[in-house]
Structures are given as C-alpha cells and as structure tokens.
Protein chains: 2
Amino acid sequence: MSLSGIFPIDRWNFTTQSILNTLSEEEYAELVANQSDQKYLKGDVIFREGSVPAGIFLIRSGKVKKYKVDNLAKEQIIYVANHGELIGYHAVLSEERYPDSAAAIEDSLISFIPKEDFISILHRSPVFTQRLLKALSHEFTVLANTISVIAQRTAPERLAIALIVLREKYKDEESGEKDIILNVSRMDLAGMAGIAQENVIRLLKEFKAEGILESDGRKILIKDIKRLIKKSNYR
Amino acid sequence: MSLSGIFPIDRWNFTTQSILNTLSEEEYAELVANQSDQKYLKGDVIFREGSVPAGIFLIRSGKVKKYKVDNLAKEQIIYVANHGELIGYHAVLSEERYPDSAAAIEDSLISFIPKEDFISILHRSPVFTQRLLKALSHEFTVLANTISVIAQRTAPERLAIALIVLREKYKDEESGEKDIILNVSRMDLAGMAGIAQENVIRLLKEFKAEGILESDGRKILIKDIKRLIKKSNYR
DNA sequence: TTAAAAAACTGATAAATATCAGCTTCTGCG
DNA sequence: CGCAGAAGCTGATATTTATCAGTTTTTTAA
C-alpha cells in the first residue's frame with residue numbers, strides 16, 4: 001500500500017483501525033457493554049499528558065491529534081488518529097500515566113471503554129492480543145520514521161510530508177480520489193511538521209505559487225500530489 | 001525510578017530487559033534451543049534497514065545502537081539497547097522489513113533466535129505475551145518523548161540529555177555509582193542528539209570548561225550530573 | 001449582531017546551527 | 001614500526017529557521 005508507488009504511506013499510520021474486527025460478536029458486545037459515547041468539539045481535549053488512564057477510547061467519527069506540549073505553548077504532534085482507531089491504550093497496557101495528550105482536530109464522536117473491559121477481552125481473545133502486538137510493533141516503524149524525519153529533513157520537506165500524510169487521512173471521507181480537501185489549522189500543521197507557524201504560512205504560500213496546492217482559509221486542496229511528493233524528497 | 005529525583009530516566013529506556021524472566025525454565029530452554037551466538041566488534045552491523053527479519057537478537061553483553069540513515073551519511077540514533085535487551089522483534093511481530101538498522105557501539109556478544117521459536121513461545125506463554133505488550137506500550141512513551149525532545153529542544157539541551165541517558169546505560173558496568181565513564185564517539189553523540197558532529201565537539205568543550213565533565217578521547221566522565229540535568233532543562 | 005479573541009499573515013531581524021576547509025591527533029593494520 | 005585512514009578539532013562563513021512586532025482577517029460567543 002504505497003502512495004503513487006513512491007511515498008511509503010504505511011510508514012505513517014498505526015494499524016488499530018481493523019483490530020476490533022478480530023473479535024467475535026460476543027466479545028465485541030462485551031467490550032462495548034459499558035462504553036459511553038461522548039461528542040468532542042474541535043479543539044476539545046480528550047486526555048492530558050500525566051493523568052491516569054481509566055480506559056481506552058474508540059474514535060467513532062472525526063480525527064484526533066496526539067501531542068506533547070513543551071515548556072508551555074509549542075505543541076509537537078506525534079500522530080493523527082482517524083475514525084475507527086483506538087487511542088489511549090498504551091498507557092493502560094504499560095500501566096503508566098498518559099505520555100501525551102489527545103485532542104479533537106475536528107468534531108468527533110468517541111466511545112470510552114473502561115480499562116477493565118479492555119483487559120478482560122485481551123485475556124479472553126488470543127487473536128485480539130496477537131493483532132494488538134502486531135499493531136504496537138508497527139507503531140515502532142511509524143515513530144522511528146517520524147524521529148528520523150524531524151531530525152534530518154528541512155522545513156519545506158517536513159511540511160510537504162505532513163500534507164501528504166494528512167491528505168491520506170482525509171481521503172476516505174471524499175467519495176472520489178480526486179480533490180481531497182484538508183481542513184486543518186496553520187498551528188496544527190506547524191505542530192505536525194515541527195516548525196514555526198509563521199513559516200508554515202510562508203511555505204504554504206510558496207507551494208501555492210508553484211501550483212502545488214490551493215487554499216482558502218483552513219481548507220487546503222492539493223492539486224499536484226506528485227510535485228508535493230517530489231518536494232518532500234522522500235524515498 | 002527517577003534519576004536524582006528530577007530526570008525521568010524511565011522515559012528513555014525500553015523494558016525488554018526483564019521480559020525473559022517471565023518464562024519458565026522449559027520455555028526458556030525451548031526459546032534458546034536453536035540460538036546461535038555471535039561476537040560483534042564495535043561498529044559491526046547486526047541488521048540493516050529494509051532487510052527481511054529471520055529472527056530476534058538477545059544482547060548477552062555489550063551495547064547496540066538502533067538508527068536510521070538519511071540520504072546517505074547522517075545517521076539518527078533512535079535508541080541504544082543494553083545487555084539483556086531484545087532487539088529486532090518489532091519487525092518479526094509486525095511482519096515487516098526492518099524499519100531501522102542496528103550496530104554494535106561496543107564489542108558485543110549477541111544470540112540470534114529464529115523467529116519460529118520466538119513466535120512459538122509467544123503462543124505458548126500468555127504471561128510472556130502480556131509482558132511483551134506492556135514493553136511495547138512503554139516504547140510508545142520512549143519514542144514520543146524522543147520526538148518531542150528532538151523537535152523542541154536546543155542543541156545543548158539535546159546533548160545534555162544524550163549524556164544523561166548514556167550515563168545511565170553505562171552505570172551498571174561500574175561497581176560504584178560514582179565516576180561513571182562513558183565510552184562513545186563524537187559521531188554517535190551527534191547521532192543521538194541529532195546535531196552536527198562539529199557542534200558536539202564545541203558543546204563538549206563548553207561543558208568541560210564549566211566543570212560539568214572531563215574527557216579523554218572517547219572516554220567521558222560526568223563530574224557534575226546535577227548541573228548537567230539543569231543544562232538539559234528537563235522536567 | 002457585534003465586540004472580543006483567536007488565527008492568519010507580513011516584513012524585518014536575530015539566533016541557532018550547519019557547512020566548509022583545513023589541520024591535528026589518534027588508531028589499527030600490514 | 002610506520003603509514004593511511006579515520007576521528008577529532010578549529011575558525012570562518014553560510015544558511016536555515018525562529019522570533020518579534022505589528023496588521024488584517026476570521027471565528028466565536030455574548
């Protein structure tokens with residue numbers, strides 16, 4: 001599953017989306033028996049770094065950023081989770097406090113599942129456990145990839161990569177493959193690419209001038225994905 | 001387990017060291033039945049990014065860096081694994097190629113365990129599986145931490161952090177807690193901190209002038225860990 | 001509806017860090 | 001032992017990116 005045959009998009013996505021499919025009907029029913037749904041508006045915090053986890057979250061719809069905040073202000077986005085994905089399970093499994101924070105980057109509907117139910121299913125279903133092991137192992141790939149990009153790529157390259165990755169996350173919402181419109185703030189782009197917000201704006205302007213994308217406020221339309229990939233310098 | 005009560009060292013170490021202790025004697029015997037030991041000299045590559053895993057590695061003695069190389073040359077170190085730790089299991093579990101490379105940073109004795117044996121034990125021992133889940137979940141903490149440090153900290157801070165982390169890895173080899181001597185090249189320090197080698201040299205000189213450390217070639221003695229922690233600006 | 005707040009944007013400047021070129025000192029190997 | 005190559009080191013310079021101080025526009029909420 002490689003974007004345009006060149007950009008290894010699988011290196012940028014966790015794989016918790018399909019995990020729940022491994023559960024039998026009964027198991028799934030038990031998992032969600034005590035769930036509680038909650039609507040989060042854009043910007044709402046779901047959990048905060050340092051707090052104690054009481055369960056896990058299943059994103060029914062919407063998108064969520066996982067991020068770490070430095071000495072106040074500047075936030076670095078670690079990962080953007082899409083609908084269908086689980087979040088907050090690391091801290092439950094490692095029996096630690098949350099290592100990062102999570103917030104909705106668009107209006108989202110999210111189910112909370114008490115940790116006891118999650119652990120119980122884990123003990124019950126070996127297949128589920130295996131799939132979770134696989135997903136967690138893949139996350140190493142994703143995060144190692146992120147580390148090397150942030151450490152070694154230039155600002156324009158990192159922004160290009162952030163846009164390519166986001167495009168993929170926004171893809172499934174549109175019916176056709178063409179004209180995928182991202183809806184993301186300059187600040188979140190800055191947080192993903194690890195660059196200053198002002199520079200995101202300047203770089204977006206450049207990309208626009210080069211005909212790579214169009215933008216109207218937070219709506220960004222990527223017109224020339226191939227040139228964007230070239231810009232990202234990724235192989 | 002917090003260094004001097006201020007630096008959260010547990011945020012910098014994977015926890016595969018004690019995993020094998022969860023195995024019964026029989027299980028352990030089966031795991032290592034087909035192992036083959038190999039000696040790696042400093043600098044020797046253990047596996048390379050992009051190749052297909054055939055098994056996992058147990059570091060009997062020595063230290064190993066896991067790293068990713070950019071468009072030739074510059075390498076970013078993702079993690080330094082110590083004796084007792086397992087490496088190379090992510091790729092086996094996720095059924096992917098290695099996402100990173102591994103090389104010995106000191107002479108090391110390493111056992112290779114065929115992936116079939118590893119998987120077999122995994123299916124056999126639920127406790128082992130649980131502990132592995134826990135370890136993998138904890139790795140998210142470590143890697144997210146690394147991402148935010150590389151993205152948000154200055155070069156002197158990152159170098160200070162690299163030194164603090166390495167000090168902990170070299171600790172157990174010395175009998176006393178005092179006078180821990182690191183043995184690491186400028187290049188590897190540059191790779192860990194994500195800065196240019198020349199700047200590592202300059203910064204080390206500064207730290208030296210400030211009385212924080214002493215160095216003789218690759219041997220680095222941290223004299224004032226408290227000042228180093230202050231320098232790292234970590235909370 | 002409108003005032004206030006937040007986000008987007010701009011240009012100028014400062015700071016941090018990389019790069020380059022050359023030199024010196026180690027280190028390992030024939 | 002000596003030599004070649006690697007690693008360590010230095011100073012000068014270039015480049016990148018952040019920061020600052022505003023202005024304009026958009027969004028939010030009373």
Side-chain angles (χ1 to χ4, degrees), chain A residues 40-45 65 70-76 103-107 149-162 182-209 213-220 231 233, chain B residues 41-44 65 70-76 103-107 149-162 182-209 213-220 231 233:
Chain A
Y40 292 86
L41 297 181
K42 193 199 315 189
D44 286 354
V45 171
K65 65 179 172 188
D70 197 37
N71 302 316
L72 230 55
K74 221 165 85 174
E75 63 182 43
Q76 175 63 36
I105 59 172
E106 55 185 41
D107 295 353
V149 165
I150 289 180
Q152 302 177 328
R153 300 303 179 130
T154 66
E157 288 170 347
R158 294 204 301 270
L159 181 59
I161 291 170
L182 319 187
N183 192 338
V184 64
S185 74
R186 306 294 187 258
M187 269 175 125
D188 280 341
L189 278 175
M192 278 186 79
I195 60 188
Q197 204 216 99
E198 293 96 319
N199 293 326
V200 168
I201 291 163
R202 280 183 263 261
L203 288 167
L204 279 181
K205 202 162 69 169
E206 279 184 45
F207 290 179
K208 227 162 156 175
L213 53 82
E214 276 173 20
S215 75
D216 176 29
R218 281 174 204 185
K219 306 232 190 285
I220 296 173
K231 200 113 218 158
N233 219 4
Chain B
L41 297 180
K42 193 197 318 190
D44 286 354
K65 64 179 171 187
D70 197 37
N71 301 316
L72 229 55
K74 220 165 87 174
E75 63 182 43
Q76 174 64 36
I105 58 172
E106 55 186 42
D107 295 354
V149 165
I150 289 179
Q152 302 178 327
R153 299 303 179 131
T154 65
E157 288 171 347
R158 295 204 300 270
L159 181 60
I161 290 170
L182 319 188
N183 192 338
V184 63
S185 74
R186 306 294 188 256
M187 268 175 125
D188 280 341
L189 278 176
M192 277 187 79
I195 61 189
Q197 205 216 102
E198 293 97 321
N199 292 325
V200 169
I201 291 164
R202 281 182 263 260
L203 288 167
L204 279 181
K205 201 162 72 169
E206 279 184 44
F207 289 179
K208 228 163 158 176
L213 53 83
E214 276 173 18
S215 75
D216 176 29
R218 279 173 206 189
K219 305 230 191 287
I220 296 173
K231 200 114 216 158
N233 219 5

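Chain A is the first sequence line, chain B the second, and so forth, proteins listed ahead of strands; every chain is numbered from 1.
Annotation: side chain of A/N199 is not in contact with side chain of A/L159 (no heavy-atom distance under 4.5 Å). Side-chain contact between A/V149 and A/E157 is absent, with no heavy atoms from C-beta onward closer than 4.5 Å. Put simply, the side chain of A/L182 does not reach to within 4.5 Å of the side chain of A/L213, judged on heavy atoms.
Between C/dA6 and A/R186, no contact under 4.0 Å exists linking OP1 or OP2 to a side-chain N or O. For C/dA18, the OP1/OP2 oxygens have a side-chain nitrogen or oxygen of B/N199 closer than 4.0 Å.
Per the geometry, CD1 belonging to A/I150 stands 20 Å off P belonging to D/dT16, to the nearest Å. Rounding to whole angstrom units, CG of residue A/L41 and P of D/dA29 are separated by 9 Å. Protein atom CG of A/N183 is 14 Å distant from nucleotide atom C1' of D/dT26, rounded to whole Å. For B/L203 and D/dG8, the CG to C1' distance is 15 Å, given to the nearest whole Å. To the nearest angstrom, C1' of C/dA7 lies 11 Å from NZ of A/K42. Here the C1' atom of nucleotide C/dA7 and the CG atom of A/D188 are 12 Å apart, to the nearest Å. One can place NZ of B/K208 at 11 Å from C1' of D/dC9, the figure rounded to the nearest angstrom. Taking atom CG on B/L189 and atom P on D/dC9, their separation rounds to 11 Å, with Å as the unit.
Mapping A/T154 and A/G217 onto DNA chain D by nearest heavy atom places A/T154 at the nucleotide closer to the 5' end. Between B/P156 and A/S185, the residue anchored nearer the 5' end of DNA chain C, judged by the nucleotide with its closest heavy atom, is A/S185. If you find the closest nucleotide of DNA chain D to A/R153 and to B/S215, the one lying nearer the 5' end belongs to B/S215.
Distances were taken from every side-chain heavy atom of B/K205 (C-beta onward) to each of D/dG8, D/dA18, D/dT10; the shortest belongs to D/dT10. When the nucleotides C/dT10, D/dG8, D/dA18 are ranked by their closest atom to the side chain of A/A196, D/dA18 comes out on top. Picking from D/dT10, C/dC9, D/dT19 the nucleotide with the shortest atom distance to the side chain of B/E198 gives D/dT10. Checking C/dA18, C/dT10, C/dA8 against every side-chain atom of A/R202, the shortest atom distance belongs to C/dT10. The A/I195 side chain lies nearest to D/dA18 when the options are D/dC9, C/dA18, D/dA18.
Side-chain N or O atoms of B/Q152 include one that pairs as donor or acceptor with a backbone N or O of A/K74 at under 3.5 Å.
Considering all non-hydrogen atoms of both residues, B/E214 and B/K208 come closest at CA-CG, 4.3 Å.
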